[in-house]
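Step one of this worksheet: look at the structure below.
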Amino acid sequence: MKKVLIIAIAFLAFSCKKQEAEPAEKQAEPETAVSEGMQEEVQTPEQLGETLFKGKGTCASCHKVDTKLIGPSLQDIAKIYKEKNGSIVSFLKEKSDPIVDPSQYALMKPNIVLTKTMTDEELNALEAYVYSTLK
Ligand code: HEC
């Protein structure tokens, strides 16, 4: 009888330990969830580009994603730059000539004054955003 009791206690103690172990494992989960959340807060180049495009770049006032407004659509720009293997970044630095619609360049040119003051990170982000419209 005593033996049975000891075994029962041992069994109980063992199963208790098991139960204790589980919540500890679960506690680890929110931690990974938090770090995933933090990663989401870090903007991808495309997201930064979109923010600049619609924000301080004011590009969105002339360019729409899929239709021509005052300037060509972003999809047209992305397509032509891809086909011709051009660099949007170097265009925005005034280091290469317009290849999409050179006859309308006079309207775009004033914006180059602004984009020339942007960092490489910002210009790469704008380029990434323009290309992301092709997906
Ligand atoms: C006042 C209107 C206007 C604004 C604002 C504007 N654009 Fe443009 N954009 C144009 C027009 C018009 C063209 C077509 C002329 C041309 O191709 O250069 C153009 C062309 C372009 C091209 C293609 C250039 C090429 O090779 O022909 C790119 C890239 C571009 N814009 C990016 C931008 C970005 C980035 C911004 C914001 C910083 C911006 N634009 C703001 C009017 C504008």
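Both counts, for ligands and for their atoms, begin at 1 and track the order of listing.
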Do L134 and K82 come close enough that some side-chain heavy atom pair is under 4.5 Å?
yes
So among V130, D101, T133, I99, which one has a side chain to side chain contact (heavy atoms under 4.5 Å, CB included) with I77?
V130
Heavy atom of the protein closest to [atom] (residue, atom name, distance):
atom	value
atom 37 (C) of ligand 1	C59 SG, 1.9 Å
atom 13 (C) of ligand 1	P72 CD, 3.3 Å
atom 6 (C) of ligand 1	N111 ND2, 3.1 Å
atom 29 (C) of ligand 1	I77 CG2, 3.7 Å

With heavy atoms and a 4.0 Å threshold, my read on which part of Y105 contacts ligand 1 is both
Rounded to the nearest 10°, what angle sits at atom 8 (Fe) of ligand 1 between SD of M108 and NE2 of H63?
180°
Does the side-chain contact (heavy atoms from CB on, under 4.5 Å) test come out yes or no for K93 and D120, once each step is laid out?
CA-CA 9 Å; K93 285 180 170 178; D120 280 352; 2.9 Å; yes
Contact (N/O only, under 3.5 Å) between [X] and ligand 1:
X	result
V100	yes
G71	no
S61	no

Straight-line distance of [X] [atom1] to [Y] [atom2], nearest 0.5 Å:
X	Y	atom1	atom2	value
E127	S132	CD	OG	11.5 Å
I88	N124	CD1	CG	10.5 Å
T119	L123	OG1	CG	6.5 Å

Look at atom 16 (C) of ligand 1 and find which of D101, I112, V113 reaches it with the closest heavy atom.
D101
May I ask whether V65 and I70 are part of the same hydrophobic cluster, defined by side-chain heavy atoms of I, L, V, M, F, W, Y residues being less than 4.5 angstrom apart, directly or through others?
no
